[in-house]
Asks: 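Right, I'll just put the structure down here and ask away after.
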Number of protein chains: 2
Amino acid sequence: MKRKITLKQIAKELDVSIGTVSKALRNSQEISEETKEKIQAFAKYYNYRPNNIALSLKNRKTKTIGVIIPEIVHHFFTKVIQGIEHLANKKGYNVIIGLSNESFDKEVINMEMLASGSIDGFIMSISKQTLLKQDYHHLNETINQGMPIVMFDRVVSEIRCDKVIIDDVEAAKKAVNKLVANNCKHIALITTMDYISVGRLRTQGYIEALNKHEITTEAELILKVDDKLVSEDYIDVLEKEIKTLFLMNPQIDGVFAVNELYAVTAMKVARNLGKRIPEDIQVIGFTDGVLSRHATPSLTTVTQYGHKIGEVAASLIIEKIESESPEDPVRTVVIETELIERESTK
Amino acid sequence: MKRKITLKQIAKELDVSIGTVSKALRNSQEISEETKEKIQAFAKYYNYRPNNIALSLKNRKTKTIGVIIPEIVHHFFTKVIQGIEHLANKKGYNVIIGLSNESFDKEVINMEMLASGSIDGFIMSISKQTLLKQDYHHLNETINQGMPIVMFDRVVSEIRCDKVIIDDVEAAKKAVNKLVANNCKHIALITTMDYISVGRLRTQGYIEALNKHEITTEAELILKVDDKLVSEDYIDVLEKEIKTLFLMNPQIDGVFAVNELYAVTAMKVARNLGKRIPEDIQVIGFTDGVLSRHATPSLTTVTQYGHKIGEVAASLIIEKIESESPEDPVRTVVIETELIERESTK
DNA sequence: TACTAACACGCAAACGTTTTCGCTGAGAAT
DNA sequence: ATTCTCAGCGAAAACGTTTGCGTGTTAGTA
């Protein structure tokens, strides 16, 4: 009904100038106590709040961080957002989100929309399609216009910006080492196509770990899932591929999957084939989501501390935004991972 | 490095006035073809984009929607956000999110922060603490200042604003009817405390359904979980309470839970007690999340189409924002629910 | 009395747009 | 030669702030 009150209205009502009102509210000593009290009381009564947009225009700062992610219905990303939001809010920043839906075009459009003054910096994870196209012009243009970017999870090394990652190779090794220590002789890997950097790195870790233990890697034990399919069919195809994997290689006694969905699906398929977990097959997943925790048996998994990743990303971007010298060197922060042991391993 | 280019800079460079540049870029017929071409070419070359903040200030519209939710690491809420974002983007709006973490104070602070000019309207689901306190002054103040609100999921009827809900009573009946049809004689209910409106309504649906089938409701079959606890301990307590429920009432042959976590936990506890699902106990949950789909056995559940809820909420708020007459009547849209049958029922 | 200094406030610019209005000059009409 | 018309452009206000600087009033000092 009644619009928000402005400095101008207060000034008019109290018969002083706009500048005086502004100073009084900011408690400037330039203004007499008497006037200050009068103005402050009036402002409080009418619940005056400075207009953020006007402040943004004047200060050339919006105090808002843009977050671009491929997908929000996803435990890991929501954890990261939670972390970002937590730290950002503590520092007086807002968070505005853009979903790319794994699409290059939507990623570009979303970034352009936000880059036109709405935000002070980006935190983002690249869409699959962008990774596939390897077209990063929108990132470079954004950076060239003086807008800082922090990348996490799916990063691309060519881009000159801060990054927050985990050591995927090392994390995968932890998982595989655990399986080896638990006496697994034939460990299968369920991973993504190589253009997804995190999948590629985890695959590398799997191979290196096996090599270290002088176990020969068998190509047929590695299943690279092409996840361009969507939801419904997707699960069916996934199940079928895993089933084939198990049937063709009955010697499998351990599985390492690069995400929790692959892992629980593997458990499901295995059980349908009459295998017991963890007695016959031990399974380790990646990402400690709601599935891992509440599956039966509950899933041993590598947790990536998404909340922490978000917090660090937020603090990096805010530091960059508030830094006077934008030309300081780029940093890459590696967040620790941890193996959480549950019922799917012995 | 180089800041974004402005109208002023273009004007200076091309030796025309700012107004001329603005008009030329908006293709005003007031400007000669020759000048327009020159200016447009220059602007294109330098990748000119109008500054959103300046536009917001001038138009008194930000083209941004604020979304306040209690929690983002939650399948249903992410589905809703996805729906909101999808429709909002299609209409040229951005989405800015605020998390209340189920806290009253954070809800108020977040709303005040966003209400100060950053957004044109709110879409929100109330925090538990707010529902408990029943203090809605921040909502009323926001509405009084002419900022529209659309509530979803956890709504409060006293507030005069648009709402998007599901028919919780009816949905609960669907679930219970199914159990009755499947020959369950002693159906337990696992629900929340009554101050959570959706929990209360689903409880009501449970009771009404039983009454209709002339089954006497037994108070000891109703478990009201006090979910003020957090994460870790929470699950333990939940499991313990459910275990007690089963042990005290061995006659239970059906369970209706008001969310998927309660449902899968019930399945887990039941199995640990040697009960088979669905042979001995049939279970139906609420919300079709990742847990329902990938649990074993997969969970029969009531889906609430969160994506649809988000889309409708977004279209309602945008309609209100762009409406000339803010005084049109408040609407309540009821979104359909559906029972998805999976393996946890016969 | 005259000068100075401090105090308390107003003025105006700036952030980047859009848009209304008015001005200028050139060609056409009288 | 004088007036009219109109195309083409510039000036300025407005959105709501903050802030440096200028200014008038008063009190204090010589």
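In what follows, chains are A, B, ... by sequence order, proteins preceding strands, each numbered from 1. Values reported hereafter were calculated over all heavy atoms of this structure, with side chains retained and with hydrogens, waters and symmetry mates removed.
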Asks: Would you indicate what A/Ser28 reaches in the nucleic acid, counting non-hydrogen atoms under 4.0 angstrom: base, sugar-phosphate, or nothing?
Replies: nothing
Asks: Regarding A/Thr35, tell me which of base, sugar-phosphate or nothing describes its non-hydrogen contacts under 4.0 Å with the strands shown.
Replies: sugar-phosphate
Asks: Indicate yes or no for a side-chain donor-acceptor contact from B/Glu85 to the backbone of A/Gly98 under 3.5 Å, with no hydrogens or angles considered.
Replies: no
Asks: May I have the distance from B/Ile53 (atom CD1) to C/dT18 (atom C1'), rounded to whole angstrom?
Replies: 16 Å
Asks: For B/Leu25 and C/dT17, what is the distance between atoms CG and P respectively, to the nearest whole Å?
Replies: 9 Å
Asks: Between P on C/dT17 and CD on B/Gln9, what's the gap in Å once rounded to a whole number?
Replies: 9 Å
Asks: Rounded to the Å, how far apart are B/Leu57 CG and C/dC15 P?
Replies: 14 Å
Asks: For A/Ile31, is there any backbone N or O sitting under 3.5 Å from a side-chain donor or acceptor partner on A/Thr35?
Replies: no
Asks: For C/dA8, take OP1 and OP2 only and decide whether either is under 4.0 Å from a side-chain N or O of A/Ser32.
Replies: no
Asks: Scan nucleotides 17-20 of chain D against the protein and return all N/O pairs shorter than 3.5 Å with their distances rounded to 0.1 Å.
Replies:
{"from": "D/dT17", "atom 1": "OP1", "to": "A/Tyr48", "atom 2": "OH", "distance (Å)": "2.9"}
{"from": "D/dT17", "atom 1": "OP1", "to": "A/Asn51", "atom 2": "N", "distance (Å)": "3.3"}
{"from": "D/dT17", "atom 1": "OP2", "to": "A/Leu7", "atom 2": "N", "distance (Å)": "2.7"}
{"from": "D/dT17", "atom 1": "O5'", "to": "A/Tyr48", "atom 2": "OH", "distance (Å)": "2.9"}
{"from": "D/dT18", "atom 1": "OP1", "to": "A/Arg26", "atom 2": "NE", "distance (Å)": "3.3"}
{"from": "D/dT18", "atom 1": "OP2", "to": "A/Ser22", "atom 2": "OG", "distance (Å)": "2.7"}
{"from": "D/dG20", "atom 1": "O6", "to": "A/Lys23", "atom 2": "NZ", "distance (Å)": "2.7"}

Asks: Measure CG/A/Leu14 against P/C/dA8 and give the value in whole Å, please.
Replies: 17 Å
Asks: Below 4.0 angstrom, N of the basic side chain to O of the carboxylate: do B/Arg331 and B/Asp162 qualify?
Replies: yes
Asks: Rounded to the Å, how far apart are B/Lys12 NZ and D/dG10 P?
Replies: 16 Å
Asks: Does any N or O in the side chain of A/Thr62 come within less than 3.5 Å of the main-chain N or O of A/Ser118, such that one atom is a donor and the other an acceptor?
Replies: yes
Asks: Would you call B/Glu71 and B/Lys128 a salt bridge, using N to O less than 4.0 angstrom?
Replies: no
Asks: Starting at NZ of A/Lys4 and ending at C1' of D/dG16, how long is that distance when rounded to a whole Å?
Replies: 12 Å
Asks: Check B/Glu311 with B/Lys308, please: is the shortest side-chain N to carboxylate O separation under 4.0 Å?
Replies: no
Asks: Round to a whole Å and report the spacing from CD of B/Gln29 to C1' of D/dC9.
Replies: 15 Å
Asks: For A/Lys106, look at atom NZ and say whether over 12 heavy atoms of other residues, nucleotides or ligands are found less than 6.0 Å away.
Replies: yes
